[in-house]
Amino acid sequence: MVKKAAGTTRSAGKAGKKYVYLFGKNMSDGNASMKELLGGKGANLAEMAKLGLPVPAGFTITTECCVDFFKGGMKNPACLEAQVNAAVEKVEKKMGMKFGDKVNPLLLACRSGARSSMPGMMETVLNIGLSSETIPGLVKKTNNERFVFDSYRRLIMMYSDVVMEKAEGIEPASGLGIRKQLDGIMEELKKSKGYKSDTDLSVVDLKKICEDFKARVKKELGKPFPDDAVTQLWGGIGAVFKSWNGKKAVSYRRIEGIPDDWGTAVNVQSMVFGNMGDDSATGVAFTRDPATGDDKFYGEWLINAQGEDVVAGTRTPNPLNNCTRNEQNKHLLSMQEMLPATYKELFDIRNRLEKHYKDMLDIEFTIQNKVLYMLQCRVGKRTGAAALNMAVDMYNQKLIDGPTAVMRVTPTQLDELLHPILDSKAEKKAQDAGLLICKGLPAGPGGAVGALAFTSEKACEMGKKAPCILIREETNPEDVEGMRAAVGILTARGGMTSHAALVARGWGKCCVVGAADLHIDEHAKTVKVNGKTYKEGDMMSLNGSKGHVYAGSIDMIDASENPGLKKFLKLVDKYRKMGVRANADSPEDAEIARNFGAEGIGLFRTEHMFYGKNSEKPLFALRKMILSSTLEERVKAVNELFPFVKKDIMATLKAMKGLPVTVRLLDPPLHEFIPHTKEQQEELSKSIGITLKEFLVRAESLKESNPMMGHRGVRLGVTYPEVTAMQIRAILEASAELGKEGIKCIPEIMIPVTCCVQELKDQKAVIAKVAEEVKAKYNLRRLNFLVGTMIEIPRACLLAAEMAEESDFFSFGTNDLTQMTFGFSRDDIGGFLGDYLDKGILAADPFQTIDQDGVGYLIKHAVKEGRRTKKDLKVGICGEQGGEAKSVEFCFKAGLSYVSCSPFRVPVACLAAAQAAIKAAK
Ligand code: ADP
Ligand code: MG
Ligand code: MG
């Protein structure tokens with residue numbers, strides 16, 4: 001049901017509901033706030049008329065009437081006719097003309113208009129009221145026969161298409177629709193006469209076209225085109241209602257999530273004519289440039305034209321003014337040049353409208369014999385760059401306040417700005433050309449174009465010379481070098497938090513995972529997709545924000561060079577209440593994070609020093625540690641490892657310049673690190689002093705059938721306290737030494753994968769002991785550090801009150817928490833997620849956006865319980881979802897102290913956090 005709009009009274013009783021609202025000079029019943037009832041177009045027409053702008057008079061039949069029309073089995077509600085007739089009379093009076101009159105006929109437009117704009121999805125019929133009765137009168141009155149028959153041929157075409165064909169549910173094969181056929185008739189004639197443009201058609205031509213049109217309509221549709229104004233009007237109204245359930249409109253609503261029961265309004269409006277000659281025109285404009293956001297009036301117009309001619313692309317439209325000139329239209333005269341007075345009037349209206357609506361608008365106008373009329377205005381669609389620039393400009397121009405400016409840019413739009421992307425026009429072309437070869441999950445942002453490399457080594461080699469895309473079945477830690485070297489990563493398997501996805505997002509690198517149609521043959525270095533084969537060096541293009549994979553190269557644009565970005569983020573931070581940190585494992589990432597505004601590191605993964613560049617030595621020591629079987633062996637290995645860990649942590653603490661850094665103790669299952677090549681295995685056995693055979697026995701004993709739930713996280717520390725001790729010593733010595741250098745730092749030690757408070761007690765005893773030793777070594781009275789835990793097992797959430805007894809902070813590890821709450825393996829969800837989404841079993845990938853019902857319930861419970869024990873318990877989130885806008889809003893509402901996400905997501909998280917605070921304050 002349509003809600004009753006504010007500020008309106010509806011007479012019930014005998015007259016029935018009020019279905020009809022007038023608009024026009026001094027006669028508007030509605031206003032801009034009544035979009036639900038009057039649709040966007042109707043509400044804004046009323047508003048513009050109220051502002052005193054030249055809006056041709058008319059009336060809006062409400063969306064509620066449309067709903068009732070369908071409820072009544074596609075019949076007009078009983079009282080509608082009387083209300084429409086009364087309204088037509090008022091409009092006639094206003095315009096000084098009469099609908100259907102022989103001498104002074106009024107023509108009407110019948111225009112659709114839903115609550116939220118559905119561009120091009122529903123129908124409009126212009127020039128209603130032309131018939132053998134009214135045509136002679138109009139010819140006489142205007143003394144412009146060409147104009148009358150030009151209007152008539154348009155009416156026949158629109159009416160037969162919209163009312164007689166579409167609204168009747170006739171679905172001709174594509175290309176055989178009546179509109180196409182009539183178009184064909186007209187093109188034929190133009191061709192035979194050698195005309196280039198519609199404006200070349202003479203009166204005689206147009207008259208012939210009208211006759212031919214009518215004959216074809218009768219033949220094709222079995223009914224004559226109605227030669228009566230009133231029949232045409234009701235036909236138009238009914239057809240607009242029905243267009244709400246037209247094929248196009250229904251599928252558009254599915255995509256955009258618009259409810260089916262809203263209905264469309266119908267706007268019946270007096271016609272004004274842009275096709276009356278060379279001093280008449282029609283046009284569309286944006287109050288600012290919708291691509292860049294520049295504060296420049298931007299638009300196009302066509303002389304002697306009507307309706308959709310401007311957007312139809314049959315003639316190249318003229319530029320509105322100098323700022324709208326481009327390669328295609330630079331030779332054409334602008335409105336500013338041809339009709340300076342009318343242009344000035346339009347420009348003034350543009351300024352007034354912006355001041356009034358306080359936003360960039362998209363407007364439609366028509367000029368009839370130099371007189372300007374406004375036909376539509378609505379908030380205009382824009383790119384991410386434009387949204388940001390306009391928000392900053394309008395804030396500086398004091399058109400909008402800070403909170404409004406912050407709300408004007410969506411997190412998706414901001415994200416768009418932070419990465420190079422495929423040029424959307426070029427992408428569309430590629431798609432039209434059938435180059436979209438498959439789809440996967442949109443794992444890493446932006447776009448990438450490069451040559452295919454099938455192995456990490458090859459990617460490193462190729463990447464030095466030219467951009468390459470690393471294509472793998474799935475990636476593993478050994479691929480990181482190649483992933484770094486590639487501009488984009490493409491995998492056939494894996495979900496949104498698979499290794500490839502995590503790493504790619506962390507670097508802000510374009511990545512598509514789980515593209516199941518790819519059949520990769522690593523040895524042959526080929527990939528088969530739907531029957532086609534691509535080989536090493538072949539070019540491909542990825543859209544990491546959509547998950548699209550294209551064959552060939554698509555042009556890229558670099559949207560990040562935006563001076564407005566810093567200004568905007570500064571404004572954002574004024575309204576943000578929740579902290580934003582970054583997940584960073586190296587000094588370089590820490591640097592990026594700080595530059596993007598991160599207020600600390602929420603997750604520093606110690607194990608990252610064992611992957612990628614310069615990892616050989618620490619990895620070797622780690623492997624020795626893992627394969628030790630006696631305490632003695634292990635202590636030796638741990639001591640070898642110690643300096644690497646300390647150095648690594650120190651570098652990152654230093655880069656963060658006193659901001660908090662959460663260091664997570666060693667987390668992954670150790671078996672992951674065991675070398676696979678015989679050479680490496682031999683070298684390692686030698687170094688430990690055991691035989692290869694013994695080595696293999698030990699390696700085998702480390703294998704687990706369910707490593708994600710195996711010997712990992714805190715469990716390692718429980719079994720091997722010396723491993724915990726070494727890490728604590730590294731962290732505390734690093735911070736003590738930095739302290740001596742005058743660099744303040746407060747490390748936050750985080751214990752992962754805990755499920756009970758006893759684990760924390762066990763580890764804290766080790767920590768306390770080492771802390772004493774470090775204090776003694778550096779002769780310190782106190783050492784500042786916190787000890788907390790990662791909350792990533794449901795049991796830890798349930799027992800949060802106890803966990804908090806031994807924690808200075810909690811940080812939700814929502815990747816594992818989601819995995820364990822759902823029982824979905826985060827590395828294998830790609831195999832069935834698609835089906836779950838298609839069937840609507842899941843609304844979204846829970847590894848991308850927090851499952852607020854289930855996982856969110858656990859989080860809220862844990863926050864509440866934890867703070868029951870410790871009132872000021874610091875609580876953060878460091879899972880992948882920490883950078884996703886909806887999850888950020890959830891975290892804010894759940895009372896978290898901060899979110900932590902990959903460095904490149906920091907601005908997006910800041911924006912989402914600020915928007916959540918602004919919304920909550922409303
Ligand atoms: P859409 O919602 O698809 O934009 P509209 O109802 O705005 O459809 O109509 C399309 C075009 O028809 C308008 O842009 C305008 O050029 C023309 N048009 C609509 N109403 C009138 C009118 N009253 N007089 C003259 N032209 C009109
Ligand atoms: Mg329009
Ligand atoms: Mg974890």
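Counting convention: from 1, in listed order, for ligands and their atoms alike. Only a predicted model underlies this, so the values are computations on that prediction, with no experimental measurement involved. No hydrogens, no waters, no symmetry mates; every other heavy atom, side chains included, goes into these values.
- Under a 4.0 Å criterion applied to the non-hydrogen atoms of Thr282, ligand 1 contributes the atoms 16 (O).
- With no hydrogens or angles considered, a side-chain donor-acceptor pair links Asn369 and Asp279 at under 3.5 Å.
- For Gly274, the closest heavy-atom approach to ligand 1 does not fall below 4.0 Å.
- Both the sub-6.0 Å distance and the 45° axial angle are satisfied by Arg253 relative to the ring of Trp244.
- In this structure, Val125 and Ile128 have side chains that are in contact, with non-hydrogen atoms separated by less than 4.5 Å.
- Closest heavy-atom approach to atom 18 (N) of ligand 1 among the candidates Val268, Leu108, Leu126: Leu126.
- For ligand 1, none of its N or O atoms has an N or O atom of Ser112 under 3.5 Å away.
- Taking each of Glu123, Met158, Glu364, Lys41 in turn, the one with a heavy atom nearest to atom 13 (C) of ligand 1 proves to be Glu364.
- Ligand 1 does not have Gln306 within reach: every non-hydrogen atom of the residue lies 4.0 Å or more from it.
- Under 4.0 Å from ligand 1, not a single heavy atom of Met122 appears.
- The environment of NZ in Lys25 is sparse: at most 12 heavy-atom neighbours from other residues, nucleotides or ligands sit within 6.0 Å.
- In summary, an N, O or S atom of Gln376 is located under 2.8 Å from the Mg ion (ligand 2).
- Residue contacts with ligand 1: Gln376 is placed with a nitrogen or oxygen under 3.5 Å of a nitrogen or oxygen of the ligand (distance criterion only).
- Those atoms of ligand 1 that come under 4.0 Å of a heavy atom in Met271, given as number and element, are 22 (C), 23 (N), 24 (N), 25 (C), 26 (N).
- Close approach to Ser270 involves these atoms of ligand 1, each under 4.0 Å from a residue heavy atom: 22 (C), 23 (N).
- Of the listed residues (Gly307, Ser151, Ala57), the one carrying the non-hydrogen atom nearest atom 17 (C) of ligand 1 is Gly307.
- The 12-atom threshold is not exceeded at CD of Glu81, counting heavy atoms of other residues, nucleotides or ligands nearer than 6.0 Å.
- Here Phe273 and Phe147 bring their ring centres to under 6.0 angstrom of each other.
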TODO: Please report the C-alpha distance between Tyr159 and Phe225 in whole Å, then the side-chain angles of each, then the deciding distance to 0.1 Å, and finally whether the ring-ring contact (aromatic ring centres under 6.0 Å, His included) criterion is met.
DONE: CA-CA 8 Å; Tyr159 194 93; Phe225 170 74; 5.5 Å; yes

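- Around the CD atom of Glu188, the shell of radius 6.0 Å holds no more than 12 heavy atoms that belong to other residues, nucleotides or ligands.
- For the pair Lys71 and Phe69, the cation-pi criterion (under 6.0 Å, within 45° of the ring axis) is not fulfilled.
- Annotation: Arg378 places no N or O atom under 3.5 Å from an N or O atom of ligand 1; distance criterion only.
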